[in-house]
Structure formats: C-alpha cells, structure tokens
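FYI, the numbering just counts along the sequence from 1. Just the heavy atoms: all of them, side chains too, but no hydrogens, waters or symmetry mates, feed the values below. No experiment lies behind these values; they were computed from the predicted model shown.
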Amino acid sequence: MSRVTARRPTRRITPAGIVSRPDTLAVEEPLELRVDGTALTVTMRTPGHDIDLLHGFLFSENIIESADDIVSARYCAGTVRGAPGGPEGGSPRHHVGPSEAPPSDTEGRNTYNVLDIQLRRAVPVQPRGFVTNSSCGLCGTTALDQVRTRSRFRLPTGSPRVDPALLATLPDELRSRQAVFDATGGLHAAGLFTPDGTALVVREDIGRHNAVDKVVGWALREGRVPAHDTVLIVSGRASFELVQKAVMAGIPVLGAVSAPSSLAVDLAADNGLTLAGFLRGDTMNIYSGADRLETTPAAATGT
C-alpha cells in the first residue's frame, strides 16, 4: 500500500451475515515542525506533500514571507526498525528537495515524521500547541483582532468576477480529483482554481487545514502568491482558520461544501473576501463579497 493509505481488518455486518474483510483507510500520522532545531508545533496529517504543507503553514503564520526564506528542510529519522536512521543504522537526517518524497520502509510506510527547517533569517520561535476545535468561544470585533494574523496583501476589490453557475460545479471538479478519498472515504480536500474553472492544484489530507496549507504552500513555491486571480474550494466547512489562510495568501474567493462559522463570516467580511457556503447542486449561500459574483437579484425572504 502507499504511504497515504493503510489496510486494516474489519468485520462488516450485513443483512446476509457478518463478513470479515480488510478495509482501506486514510493514514494519519503526526508531523513535528522544527525551526532551526527548535520544536514549533505538531500537526496530525496525511503523509505526502509535506514540503508544501510546511511552506503553507509557515507562510500563514507570518513566519516566512516567501519560499526563499527557507534554506532547507530535513526529515529526521523515525524509530521503525530497519528504516533509514532507525535502530539498525542509516543516515539520521535527510535533505528534502522540492519534489522528493520522504523515505519509507519496505512496506511503503512513512518513517520520517519530523521536519527541521532552516530559515535564511533567524526568527524567534515560541512552541505552539495549535489545538483547534469547532467551538472556540470567540465572538465580536475585539476577539477577531486578538486571534487573526494580519495579511501582507489587500484583496482586489470586485475581482476576479466569477459566474455562480461555474462556482457551483467546482466541488464536483474537486471531488473528481480526490484519488485517496475514492479508496478510503476519509480525507478532506482543497483545490485552487482559476476563475474559469481550471484546476491548478488539488491536495488531500486528514485535516482540512492541512489540505489548505498544502495548496497555499504549492502556490508560494510556484510564485503565485498573492493568488489574486484564484478561487479556493474546500470539501468541508469554512472555519475561521481556513478564511484566514485564504486571506493571508491573497485568495479573494473561498467556496465550501458545508457551512461557515460566524467568526469565519466576520473575518471574510472584514477583509473583503467572497465567502460561499453550502455549494451543493445549483444552490449556494453567499455570506460576503457578493460583488465578485454575477448574480441576478431575487425577492428576499425571511428575517
């Protein structure tokens, strides 16, 4: 199996009886990020595109300004017996190039779950827990100012223009590129598209925030940040954290298959981000930035 999926035995209960069979699952492993040897944070993620992930994460947290701020990223060996750098020997550190996958054991399992990043300029690092949940208890302008990171980019006013009918098709376009989801049913996805619906990059991960970081990291490494002429689509809900990552990367349009949180809507409106939720079929809710969408006014209902 690949590093992003694993097989586990299951007992499936059916009307015809109990069937024992293996099931394909999405891999979840911790990734510790270190900056110049100092531990910064640990995130649970699906292995793969870790270099994009670290670029997107460090950029979203205002630790780096561009891909050139990172001199190198090295995997530190895990403790799987027989793996490179493990108890039976091998090099304890490994330089990672732009497209290089981390080392794995003979069964394809990722054995390197620590990335040490060397920055071009010294940056004071405070270890962070980055524990997030869906109900943070924050509300209001004061709370918003306390938790958000200020973007270097102002989003363009009124552009790009996006056809709502095209926007409604992008979740299906995203879904069609979720190869690991097809095998496991257990991954989130994020995709960056042009305003005409062309897919630029799609990334999958066990965590929706990691999937977005991988997309932003790809854009940063490709010199596409600020990503003013793009649309970000996510497979789940739109949290405050995802809106902040879009704003930090200069992405003006964010569409989500599910609902946004109240704080996400507040942050989107405050920064002029177009935020669409419940992108299902030919309907959607626009929570902010409707000026970028070609819409036909309809009679308002409700309160």
Side-chain angles (χ1 to χ4, degrees), residues 2-5 26-33 35 40-64 66-67 69-70 73 75 96-102 104 110 112-115 117 130 132 149 170-171 173-184 186-194 198-227 230-239 241-251 253-257:
S2 68
R3 295 184 304 106
V4 299
T5 60
V27 168
E28 180 178 24
E29 293 182 354
L31 177 66
E32 178 180 335
L33 296 180
V35 175
L40 175 63
T41 191
V42 175
T43 184
M44 301 303 295
R45 98 303 190 192
T46 299
H49 302 291
D50 287 341
I51 303 304
D52 284 344
L53 172 61
L54 79 89
H55 276 78
F57 177 82
L58 295 177
F59 179 79
S60 296
E61 294 298 323
N62 247 343
I63 295 174
I64 64 172
S66 72
D69 289 339
I70 296 179
Y75 280 98
V96 179
S99 60
E100 186 176 350
S104 57
N110 177 26
Y112 281 44
N113 283 322
V114 179
L115 265 176
I117 302 105
F130 285 109
T132 59
T149 304
L170 296 186
E173 288 295 319
L174 180 69
R175 176 67 183 83
S176 70
R177 290 168 169 79
Q178 289 185 250
V180 183
F181 184 89
D182 286 339
T184 67
L187 286 184
H188 290 287
L192 202 61
F193 296 81
T194 64
T198 301
L200 297 174
V201 63
V202 170
R203 294 287 186 257
E204 293 181 276
D205 199 277
I206 201 79
R208 60 174 59 87
H209 58 290
N210 289 336
V212 173
D213 275 340
K214 289 177 179 181
V215 165
V216 171
W218 173 89
L220 187 67
R221 294 173 62 203
E222 292 293 316
R224 299 188 73 114
V225 172
T230 63
V231 176
L232 177 64
I233 301 294
V234 296
S235 60
R237 61 186 177 85
S239 64
E241 185 179 27
L242 300 196
V243 169
Q244 178 157 279
K245 290 178 186 298
V247 170
M248 287 295 292
I251 299 170
V253 181
L254 170 60
V257 172

Please tell me if the side chains of Val114 and Tyr75 come closer than 4.5 Å, counting only heavy atoms from C-beta onward.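 Of all side-chain heavy-atom pairs linking Tyr75 with Val114, none is under 4.5 Å.
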Heavy-atom side-chain proximity of Val225 to Met248 below 4.5 angstrom: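 Sidechains of Met248 and Val225: no contact.
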Trace of the side chain to side chain contact (heavy atoms under 4.5 Å, CB included) decision for Arg221 with Ile51: CA-CA 10 Å; Arg221 294 173 62 203; Ile51 303 304; 4.0 Å; yes
Step by step, would you call Trp218 with Arg224 a side chain to side chain contact (heavy atoms under 4.5 Å, CB included)? CA-CA 9 Å; Trp218 173 89; Arg224 299 188 73 114; 3.7 Å; yes
Drop me the distance from [X]'s [atom1] to [Y]'s [atom2], to the nearest 0.5 angstrom.
X: Leu54; Y: Leu220; atom1: CG; atom2: CG; result: 10.0 Å
X: Ser60; Y: Lys245; atom1: OG; atom2: NZ; result: 4.0 Å
X: His209; Y: Met44; atom1: NE2; atom2: CE; result: 10.0 Å
X: Leu192; Y: Leu174; atom1: CG; atom2: CG; result: 11.0 Å
X: Phe57; Y: Leu115; atom1: CZ; atom2: CG; result: 12.0 Å
X: Leu33; Y: Asp50; atom1: CG; atom2: CG; result: 8.5 Å

What are the two closest non-hydrogen atoms of Ala211 and Glu204, and how far apart are they?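 Nearest heavy atoms, Ala211 then Glu204: CB-C, 4.5 Å.
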Would you name the heavy atoms of Ala256 and Gly236 that are closest together and state the gap between them?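 The answer is CB-O, 3.4 Å.
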Main-chain N/O of Glu173 paired with Ser176 side-chain donor or acceptor, under 3.5 Å: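 Between the backbone of Glu173 and the side chain of Ser176 there is a qualifying donor-acceptor contact (under 3.5 Å).
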Does any N or O in the side chain of Lys214 come within less than 3.5 Å of the main-chain N or O of Gly48, such that one atom is a donor and the other an acceptor?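 The answer is yes, because a donor-acceptor pair under 3.5 Å joins these two groups.
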Looking at Thr46, Asp52, Thr43, which one forms a side chain to side chain donor-acceptor pair (under 3.5 Å) with Asn210?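 When Thr46, Asp52, Thr43 are each tested with Asn210, the side chain to side chain donor-acceptor pair (under 3.5 Å) holds only for Thr43.
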Passing option when Arg45 is tested against Asp205, Asp213, Asn113 for side chain to side chain donor-acceptor pair (under 3.5 Å):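 Only one of Asp205, Asp213, Asn113 forms a side chain to side chain donor-acceptor pair (under 3.5 Å) with Arg45, namely Asn113.
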Pair Leu187-Ile206, side chain to side chain contact (heavy atoms under 4.5 Å, CB included): steps then yes or no: CA-CA 5 Å; Leu187 286 184; Ile206 201 79; 4.1 Å; yes
Run the numbers on Arg237 and Arg208 for side chain to side chain contact (heavy atoms under 4.5 Å, CB included), then give the verdict. CA-CA 9 Å; Arg237 61 186 177 85; Arg208 60 174 59 87; 3.6 Å; yes
Of Leu53, Asp69, Ile70, the residue whose pairing with Leu58 passes side chain to side chain contact (heavy atoms under 4.5 Å, CB included):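 Of Leu53, Asp69, Ile70, side chain to side chain contact (heavy atoms under 4.5 Å, CB included) with Leu58 is met by Ile70 alone.
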